[in-house]
Each structure stands twice: as C-alpha cells, then as structure tokens.
Student: 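Sharing a structure here in structure tokens format.
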Amino acid sequence: MSEQKEIIEGLSAKELFLPGKGVTYDGFIINPGIADFAFSKINLKTQLTRNIAIQHGLVGAPMDTVAEDRAAIAFDLEGCFAIKHYNNTIDEQARMVGNVKAANPDFINEPKVLPQNATVADLKQIKKDYGFSSVPVTVDGTLDSKVIGLLTSRHARNNDDVPVEAVMHPAGDRLENLTTAPEGTDSDRAQELMIQKNRKRLLIVDDLGRLKGLVTAKDLDRRKSHPHATVDSNGRLLAGAAVSSYKEDKDRIDALVDAGVDVLCLDTAQAAKKRIVNQAKYIKDKYSHIELIVGNIATIRQAKWLYNQLGNRIDAWKVGMGVGSICTTPDVAGAGAAQAAAVYRVSLWNYLNSLDIPVMADGGIRGSGDVVKALACGAKTIVAGSLFAGTAEAPGEYVYEEGVRLKKYRGMGSIEAQREGGEKRYRDAKEQILVSQGVPGFVQDKGSLHHFLPHIIKAIKLGFEDIGYKNINDLRQAVYNGARIFEERTAASLAESKPHNLVKYREEPIGGK
Ligand code: XMP
C-alpha cells in the first residue's frame with residue numbers, strides 16, 4: 001500500500017489526559033493493536049514495591065471484608081498479594097501475619113513445636129489456633145532442642161490428658177525411624193525421600209539433631225501447582241499488613257515486624273499529612289528491610305510533597321481518593337480525583353523524575369478491563385476491594401437474599417467499620433466526631449480466589465493480546481512514547497459496548513460460576 005497522508009486514528013495519553021480533565025476508566029478505551037506474539041508469551045510480572053516483584057499485580061485491599069490471613073494465603077499462592085487490614089487488635093493482626101508466614105508453600109522453616117511433656121490437648125489447641133496437623137516434638141518445646149518425635153492429626157484422636165510422648169511417632173526406641181533430612185535439602189530431594197520412605201512428612205534437622213524445618217507432601221504438591229507463588233527470599237509466603245498514622249500504632253508496627261511482616265502499608269484516606277510523614281519515618285528508620293507502601297494520594301502535588309519529606313523511604317504509592325465502590329468521600333468532602341487521570345498523572349511524574357516507585361491503582365476497579373486500563377495509565381499493580389470481596393476466602397459468612405448468595409462488603413469509612421477501628425484511616429486519634437465516608441453493602445458470591453484470580457488473570461492477558469502488548473513495561477513505554485492508542489468514549493460508544501438488541505440476557509459472572 002502506498003503511503004498516503006497520515007490518518008490520525010487515536011489519542012496519545014497526553015491528548016486524552018488534558019490538564020484538569022477528570023478521565024475515568026469508563027471515559028476511554030484502548031484501541032486494538034497487533035499481537036505478533038503467541039498468547040503464551042504474555043507475561044504480567046510486575047513490581048509490587050521498589051524491591052519486590054510479583055507475577056500478577058492484583059492486590060487485595062486492606063479492608064475488614066476483604067483481606068485477612070486466609071485470603072492473603074490464596075492471593076500469594078496465585079502470584080498476587082493482599083494487605084491485611086487493621087480493624088483488629090495488635091495480637092489478631094500479628095497472628096494473621098504469622099499464619100501467612102507459616103503457611104509455607106514449600107518448607108515450613110519455623111513449625112509450631114510441642115515439648116516432650118505436652119499433652120494431646122496442646123496438640124488440639126495448635127490445630128485449632130493455626131490449622132496445623134503436623135507438629136514436631138522437641139525436648140523442651142523450642143526449635144533449639146533436639147527433635148524426638150512427630151505428631152499428626154491421627155494422634156489428636158486420643159484423649160486430651162494423654163501425654164504426647166505416649167502416642168507420637170516414632171514411639172520409644174524406634175527414634176531412628178523418624179524420617180529426617182539434613183539442612184540444605186531442596187524440595188526435589190525432599191520429595192524423593194518421602195516417596196522412598198513412604199512418608200508424608202519430612203523433618204529437616206541440623207548436625208545436632210535440632211529441628212530446622214518441616215516438609216509435608218501436601219505443601220510440596222501445593223507448591224508445584226502454584227509455581228508463581230509470591231514468596232520472600234526464603235521461599236515463605238510474603239506477608240503484608242496495614243497500619244495507621246496513630247502514635248499507638250507504633251506498638252502494632254513493632255508486633256507486625258516481630259511476626260515477620262514483609263510489607264507495611266501506611267493506609268490513610270489522605271497521605272499528604274505531617275503525621276503520616278512521622279509514621280513513615282518511624283517505620284523506615286527503624287526497619288529499613290520492610291517495604292513501605294504510602295497512601296492514599298491522587299495528585300502530583302501530594303506525591304511531590306511526600307517525596308520531599310520522605311525520599312526513598314517510599315517503596316510504593318497507593319493512588320486513589322474518592323473512587324472506591326463503597327466510598328462517599330467526594331460527596332462528604334468535595335475532594336477527590338477521577339481515578340484514571342490520577343493514576344496517569346502520578347505515574348508520569350514518577351517516570352519523568354526517574355523515581356522507581358511503583359504506583360498501585362487503588363479503587364474503582366470493576367473487572368479485568370479496568371485492570372488493563374489502569375496498567376495503561378502507568379500503574380504497576382491494582383488494589384481492589386469489591387472485586388475480591390464475596391470470595392470464599394474473604395472474611396464473613398454468606399447470607400441469602402432472594403435466593404442469591406451474598407457476603408458483606410463495607411467501606412472502612414462507614415460508621416460501623418469506623419467504630420471497629422477503621423476510623424484510624426480517616427481522622428486524628430484526638431477527634432471525637434465520626435463522619436461517615438463510606439457505605440456498608442453486599443456483593444455476590446464469587447467462589448474461591450483459587451478459581452476467581454486465574455480467570456481474572458486470563459482475562460487481563462486477553463486484553464494485552466487485543467491491544468498488542470506482551471508485558472506491562474512495553475505497554476507503559478509505548479504510552480510514554482506517545483503511542484496513539486486511546487479513544488475517548490462517548491455515551492453512545494459506552495452503550496454500544498454493553499449487550500443490546502436482546503429481549504433478555506443473563507450476566508455471566510467472572511470466573512464462570
Ligand atoms: P473498590 O472500588 O475496589 O475500592 O471497592 C476499594 C478502595 O476504596 C477505599 N476505601 C474507601 N474509600 N470510603 C472511602 O472513601 C471508605 O469507606 C472506604 N473504604 C475503602 C480504599 O482505598 C480501598 O482500597
């Protein structure tokens with residue numbers, strides 16, 4: 001085809017996101033491109049924080065109806081991440097962090113152990129508190145003393161007052177029958193040994209016979225089926241938790257770090273405040289190994305001010321103000337920013353200043369299409385509440401309304417959530433009056449995250465194939481280089497993109513439930 005005069009098809013990001021224009025995810029669409037690569041080549045690996053990469057940038061929001069330990073473990077196993085909320089006591093939140101760190105997909109490096117003189121009641125208590133059914137026994141119940149036996153769920157069937165020594169495996173003089181392996185054994189060798197010795201559990205011990213780890217066949221199988229799990233440098237699941245700017249939360253921060261947290265999220269409704277700066281300094285100056293997410297912000301002005309105060313203490317920005325599905329802040333405070341534009345502007349400012357601080361696009365994500373758009377706006381990950389609420393692993397019980405299975409999902413700024421601790425996100429500790437900035441509601445049952453997340457991820461990849469990019473960086477680079485891939489949506493184009501001309505239709509939920 002001979003080159004005619006150039007016909008301009010789409011808008012560049014600069015043309016779409018004009019200053020002062022409140023562009024939302026619904027306000028634009030990304031034009032299709034050319035997928036000159038196989039679908040299998042699409043890779044969504046991304047930066048969660050400056051120093052942590054994850055396979056899929058989907059993050060469960062720090063909300064009490066979204067992310068506790070059970071959900072966090074599922075997110076991690078699927079290569080995603082979740083931030084545990086702070087509407088709880090310090091002990092409760094620290095225990096959740098401990099549970100995530102202990103739910104090792106590979107080796108359990110610090111298993112719960114019992115002393116020689118424990119009883120079956122103690123074993124039952126561990127199962128109740130932590131859900132573990134394999135419990136090694138050491139001489140004095142610490143990891144530093146010699147391992148002498150192993151208890152499993154079979155042993156918990158005995159009466160409470162039976163001493164574990166009387167029932168544990170191996171009993172008495174058959175101590176050499178305990179299946180052990182030396183430190184440094186990798187998962188393939190561990191599996192080999194377990195098959196050889198026909199055992200479902202393997203104890204890792206040092207030269208002095210002290211316990212260094214526990215491997216179970218179940219964990220190894222789980223690990224194999226989740227090759228992209230989000231783990232720390234020791235192969236343990238990555239744990240994240242939210243904290244507030246309250247002075248009292250310094251104790252919470254210390255406890256969470258003790259429990260093994262990897263990522264802290266300083267989670268507030270508006271981060272550009274002096275007390276947020278003080279808390280961020282407390283965290284990073286005391287615990288430089290912790291990755292710190294700072295949020296929420298929605299403008300370059302806020303980012304600049306915070307960066308001037310905190311510099312490289314910030315390991316990720318959480319961007320989004322007044323855009324959550326349960327949020328009423330723009331009506332209450334008259335403040336906020338359209339989300340797509342906010343994500344684009346803060347990301348661009350980072351990029352132009354060569355700051356490698358990933359932007360997490362928080363709130364307003366309704367499905368995979370919005371994720372693709374958020375990534376095109378420059379986000380490295382998305383944070384969502386309503387999208388992940390209602391899953392089997394989200395906190396809360398299911399209820400039925402008119403035959404539909406629902407779970408509660410509420411704003412952390414709703415009065416009921418604020419009364420249980422959520423107020424820390426919205427006001428200073430000294431203020432007495434609670435102002436509602438969110439609503440409580442319900443969302444539909446979405447099944448297990450282990451089913452739901454892979455569906456969303458596949459849908460995002462389909463989006464990348466349609467627009468012709470095989471990874472997030474290529475897309476981002478093209479946008480910053482001025483690629484004309486955006487189209488502004490008119491009301492008519494929005495209507496056109498929904499089912500129409502049908503007498504009746506049934507919405508098919510994501511995940512094909
Ligand atoms: P989505 O749209 O994913 O939004 O349900 C979740 C995000 O909304 C924020 N959030 C709130 N914002 N009032 C607000 O103004 C609230 O009560 C509230 N609760 C949560 C938060 O950033 C979350 O990740």
Side-chain angles (χ1 to χ4, degrees), residues 24-26 57-68 71-72 75 80-87 240-244 265-271 276 293-298 302 316-340 342-343 346 359-371 373-374 379 381-391 394-396 407-427 434-444 446 452 456 510:
T24 62
Y25 293 135
D26 257 355
L58 304 177
V59 179
M63 300 173 72
D64 60 5
T65 44
V66 179
E68 292 190 343
F75 272 98
C80 305
F81 189 62
I83 307 165
K84 286 167 282 300
H85 69 91
Y86 53 49
N87 263 16
V243 293
S244 79
C265 172
L266 194 41
D267 185 41
T268 67
Q270 136 74 308
I276 311 294
I293 300 168
V294 175
N296 278 21
I297 59 166
Q302 291 169 297
W317 298 112
K318 200 145 74 73
V319 173
M321 286 182 67
V323 297
S325 59
I326 33 46
C327 159
T328 54
T329 297
D331 284 344
V332 174
Q339 181 66 346
V343 170
V346 177
V359 165
M360 313 175 80
D362 176 19
I365 298 279
R366 294 152 305 175
S368 44
D370 287 347
V371 179
K373 291 179 184 180
T381 58
I382 65 94
V383 181
S386 66
L387 187 65
F388 305 128
T391 52
K407 242 190 205 188
K408 186 160 203 167
Y409 175 56
R410 66 182 184 188
M412 293 289 272
S414 60
I415 291 293
E416 59 170 63
Q418 287 198 45
R419 289 214 167 104
E420 289 167 36
E423 88 282 5
K424 290 186 285 187
R425 196 171 188 270
Y426 296 90
R427 65 180 183 124
L434 291 184
V435 177
S436 170
Q437 291 196 53
V439 295
F442 288 91
V443 289
Q444 215 168 325
K446 301 187 181 96
F452 186 71
I456 296 269
I510 311 166

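Along the sequence shown, residues carry numbers from 1. Computed from a predicted structure; not experimentally measured. Atoms within each ligand, like the ligands themselves, are counted from 1 in listed order.
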Student: Run through Asp64, Ile415, Val439, Ile326 and flag the one making a side-chain contact (heavy atoms from CB on, under 4.5 Å) with Arg410.
Tutor: Asp64

Student: Is it true that Arg366 and Asp26 have a side-chain N and a carboxylate O under 4.0 angstrom from each other?
Tutor: yes

Student: Any atoms of ligand 1 less than 4.0 Å from a non-hydrogen atom of Ile326? List them with their elements.
Tutor: 8 (O), 10 (N), 11 (C), 18 (C), 19 (N), 20 (C)

Student: Any donor-acceptor pair under 3.5 Å linking the side chain of Thr268 with the backbone of Gly295?
Tutor: yes

Student: Under 4.0 Å from a heavy atom of Ser414: give me the atoms of ligand 1 that qualify, with their elements.
Tutor: 17 (O)

Student: Provide the number and element of each atom of ligand 1 under 4.0 Å from a heavy atom of Ala61.
Tutor: 24 (O)

Student: I'd like to check which ligand 1 atoms, numbered from 1 as shown, lie under 4.0 Å from a non-hydrogen atom of Asn296.
Tutor: 22 (O)

Student: Heavy-atom distances under 4.0 Å are what count here, so tell me which part of Tyr426 touches ligand 1: side chain, backbone, both or neither.
Tutor: side chain

Student: Looking at Thr328 and Gly438, would you say the former's side chain and the latter's main chain have a donor-acceptor pair under 3.5 Å?
Tutor: yes

Student: Hey, does Arg410 come in under 3.5 Å of ligand 1, counting only N/O atoms on both sides?
Tutor: no

Student: Between Lys407 and Gly396, is there a donor-acceptor pair closer than 3.5 Å when you use the side chain of the first and the backbone of the second?
Tutor: yes

Student: Determine whether the side chain, the backbone, both or neither of Pro62 has a heavy atom under 4.0 Å from any heavy atom of ligand 1.
Tutor: neither

Student: With a cut-off of 4.0 Å, which atoms of ligand 1 are near a heavy atom of Ser386?
Tutor: 1 (P), 3 (O), 5 (O)

Student: So, for Tyr86 and Gly421, which heavy atoms are closest and what is the spacing to 0.1 Å?
Tutor: CE1-O, 4.0 Å

Student: Where does Val439 meet ligand 1, judged by heavy-atom distances below 4.0 Å: at the side chain, the backbone, both, or neither?
Tutor: neither

Student: Please check this pair: side chain of Gln418 against backbone of Gly413, looking for a donor-acceptor N/O pair closer than 3.5 Å.
Tutor: yes

Student: Verify, without hydrogens or angle tests, whether Tyr409 (side chain) and Phe442 (backbone) share a donor-acceptor contact under 3.5 angstrom.
Tutor: no

Student: If you have a sec, work out which protein heavy atom is nearest atom 20 (C) of ligand 1 and how many Å separate them, to one decimal?
Tutor: Met63 CE, 3.4 Å

Student: Do any N/O atoms on Cys327 end up under 3.5 angstrom from N/O atoms on ligand 1?
Tutor: no

Student: Please determine if Asp267 and Lys424 form a salt bridge, counting it only when a charged side-chain N lies under 4.0 Å from a carboxylate O.
Tutor: no

Student: Within the 4.5 Å heavy-atom criterion, are Val371 and Leu58 side-chain neighbours or not?
Tutor: yes

Student: Counting from 1, what ligand 1 atoms have a heavy atom of Tyr409 closer than 4.0 Å?
Tutor: 1 (P), 4 (O), 5 (O), 6 (C)

Student: Judged by non-hydrogen atoms, does Gly320 sit under 4.0 Å from ligand 1?
Tutor: no

Student: Can you tell me how far SG of Cys327 sits from CE of Met412, rounded to the nearest 0.5 angstrom?
Tutor: 13.5 Å

Student: Mark up the atoms of ligand 1 that fall under 4.0 Å of a heavy atom belonging to Ser325, in ascending order.
Tutor: 1 (P), 2 (O), 4 (O), 5 (O)

Student: Any nitrogen or oxygen of Gly385, side chain or backbone, less than 3.5 Å from one on ligand 1?
Tutor: yes

Student: Provide, to 0.1 Å, the distance between atom 4 (O) of ligand 1 and the closest protein heavy atom, together with that atom's residue and name.
Tutor: Gly324 CA, 3.3 Å

Student: Is the backbone of Asp362 close enough, under 3.5 Å, to the side chain of Lys318 for a donor and an acceptor to pair up by distance?
Tutor: no

Student: Which of the numbered atoms in ligand 1 are under 4.0 angstrom from any heavy atom belonging to Gln437?
Tutor: 13 (N), 14 (C), 15 (O), 16 (C), 17 (O)

Student: Between the side chain of Lys446 and the main-chain N/O of Ala389, is any donor-acceptor distance below 3.5 Å?
Tutor: yes

Student: Does ligand 1 have an atom that lies less than 4.0 angstrom from a heavy atom of Gly322?
Tutor: no

Student: Heavy-atom distances under 4.0 Å decide this one: backbone, side chain, both or neither, for Arg366 against ligand 1?
Tutor: neither

Student: Of all the non-hydrogen atoms in the protein, which one sits nearest to atom 21 (C) of ligand 1, and at what distance?
Tutor: Arg425 NH2, 3.3 Å

Student: So, the side chain of Gln339 versus the backbone of Ala374: is there a donor-acceptor pair under 3.5 Å, distance only?
Tutor: no

Student: N/O of Gly413 under 3.5 Å from N/O of ligand 1, yes or no?
Tutor: yes

Student: Nearest non-hydrogen contact with atom 7 (C) of ligand 1 belongs to which option: Asp362, Ile415, Leu387, Thr268?
Tutor: Asp362

Student: Would you mind checking which non-hydrogen protein atom is closest to atom 19 (N) of ligand 1, with the distance to 0.1 Å?
Tutor: Met412 N, 2.8 Å

